[in-house]
Protein chains: 2
Amino acid sequence: MNENFLDELDLRLLDALQHDASQANHRLAERCGVSPATALRRVRRLQSLGIVERQVALLQPDKLALALGHGLTALVEISLDQQGDEHLAAFERLAVAEAVVQQCYRVSPGPDFVLVLAVTDMPAYLALAQRLFTQHANVRNVRAFFSVKRAKFLPAQPLPRPWAERDA
Amino acid sequence: MNENFLDELDLRLLDALQHDASQANHRLAERCGVSPATALRRVRRLQSLGIVERQVALLQPDKLALALGHGLTALVEISLDQQGDEHLAAFERLAVAEAVVQQCYRVSPGPDFVLVLAVTDMPAYLALAQRLFTQHANVRNVRAFFSVKRAKFLPAQPLPRPWAERDA
DNA sequence: GCTGAAATCACACATTA
DNA sequence: TAATGTGTGATTTCAGC
């Protein structure tokens with residue numbers, strides 16, 4: 001099979017896994033209508049192709065906050081002063097290296113970057129801002145919002161689902 | 001133990017799991033310096049407390065794009081017309097129900113919501129916009145950016161790591 | 001798709017603080 | 001008393017056929 005071709009089974013597996021990767025292989029196989037061995041082979045192929053990057057546990061921030069004190073999620077738009085490709089890459093390197101930067105998007109139009117930060121508290125945000133959002137890092141303008149409530153967080157790519165209508 | 005108290009072992013387990021949940025329990029136990037049985041018991045407790053919400057596979061969008069055609073990630077700021085609590089809740093319900101809405105944050109100051117959308121293409125974005133970003137949904141203003149590059153995506157909460165210095 | 005070897009998990013019990 | 005660690009049987013996973 002072509003190394004970059006995904007058939008319907010691959011899509012079913014990916015869709016199942018990106019919503020719930022804790023299920024045992026035989027259950028996954030059952031849901032996708034193939035034998036456990038086939039499911040396993042396909043999943044391993046998807047992993048070796050790098051399409052399945054890794055498997056993580058999602059924590060519920062609200063519950064964590066109960067035990068640790070409230071964390072803080074910030075959404076930040078960054079506009080750079082000089083916007084050549086090398087300047088964009090330079091800022092990106094700085095941003096990506098910061099542990100509190102959860103997500104980093106290079107965007108257009110509008111600002112140059114949008115970051116999602118997860119910090120423990122406001123002092124931690126300030127510390128990052130002073131490190132990253134400065135003239136020194138070539139930053140011209142910053143617009144930051146703080147999350148009052150994370151109503152949805154579902155790190156799943158939308159996939160075509162040719163089987164959806166048929167199975168319904 | 002207090003049902004909401006997290007000791008250092010819990011934090012180590014959570015930190016390990018939210019970066020890599022694919023490892024076998026005995027390896028996890030080893031990394032955290034406890035017996036497999038203890039690690040398993042703790043993990044199950046964290047799950048039953050709802051702190052570990054679920055386990056998912058993260059897919060690499062670039063690799064997917066090779067096989068499926070390029071997906072589109074949009075970051076959208078929404079300001080509502082009427083901003084009472086019931087109006088905010090109403091829009092939130094609509095947004096969360098949409099499959100292409102990956103993330104939904106209620107924010108302050110600035111706009112009322114920030115959404116992260118993952119759609120297959122521009123027509124799909126348009127379809128959503130016409131459904132969700134309308135007067136009918138009480139939306140006054142929309143500012144949308146499109147992601148040119150997702151440089152980082154790491155859905156992990158920052159945790160205090162009292163062991164980090166000690167182990168270094 | 002099936003089967004045997006290997007690994008994993010669940011549970012009972014001894015141990016420690 | 002409450003949490004940890006060890007050991008054994010049952011289940012599941014994995015690789016070769």
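To find a chain, count down the sequence lines: A is the first, B the second, and so on, and within it residues start at 1. Atoms considered below: every heavy atom in the structure, side chains included; atoms not considered: hydrogens, waters and symmetry mates. All values derive from a computational prediction rather than experimental measurement.
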Partner of E92(A) under salt bridge (Lys or Arg N to Asp or Glu O under 4.0 Å), chosen from R150(B), K149(B), K152(B): K149(B)

Whole angstrom value for the distance that separates C1' of dA3(D) from CD of E8(B): 16 Å

Within 6.0 Å of CZ in R31(B), more than 12 heavy atoms from elsewhere: no

Rounded distance (Å) that lies between atom C1' of dA15(D) and atom CG of N25(A): 13 Å

Spacing between L9(A) atom CG and dG1(C) atom P, to the nearest angstrom: 11 Å

Under 4.0 angstrom between R44(B) side-chain N/O and dA10(C) OP1 or OP2: yes

Donor-acceptor under 3.5 Å (Q18(A) side chain, Q157(A) main chain): yes

Per R42(B) side chain, nearest of listed nucleotides dT4(D), dC9(C), dT8(C): dT4(D)

Rounded distance in Å - CG (L40(A)) to C1' (dG16(D)): 14 Å

Length of the line joining E30(B):CD and dT8(C):C1', which is rounded to integer Å: 15 Å

Atom-to-atom span, CZ of R27(B) to P of dA7(C) - whole angstrom: 12 Å

Closest contact, heavy atoms only, G50(A) versus K63(B): O-CG, 3.8 Å

Atom pair distance, as rounded to whole Å: CG in L28(A) and C1' in dC14(D): 15 Å

Between P of dT4(D) and NE2 of H26(B), the distance in whole Å: 20 Å

Phosphate OP1/OP2 of dT4(D): any S35(B) side-chain N/O under 4.0 Å: no

Residue A24(A), side-chain atoms from C-beta onward, closest of dT12(D), dG1(C), dT8(C): dT12(D)

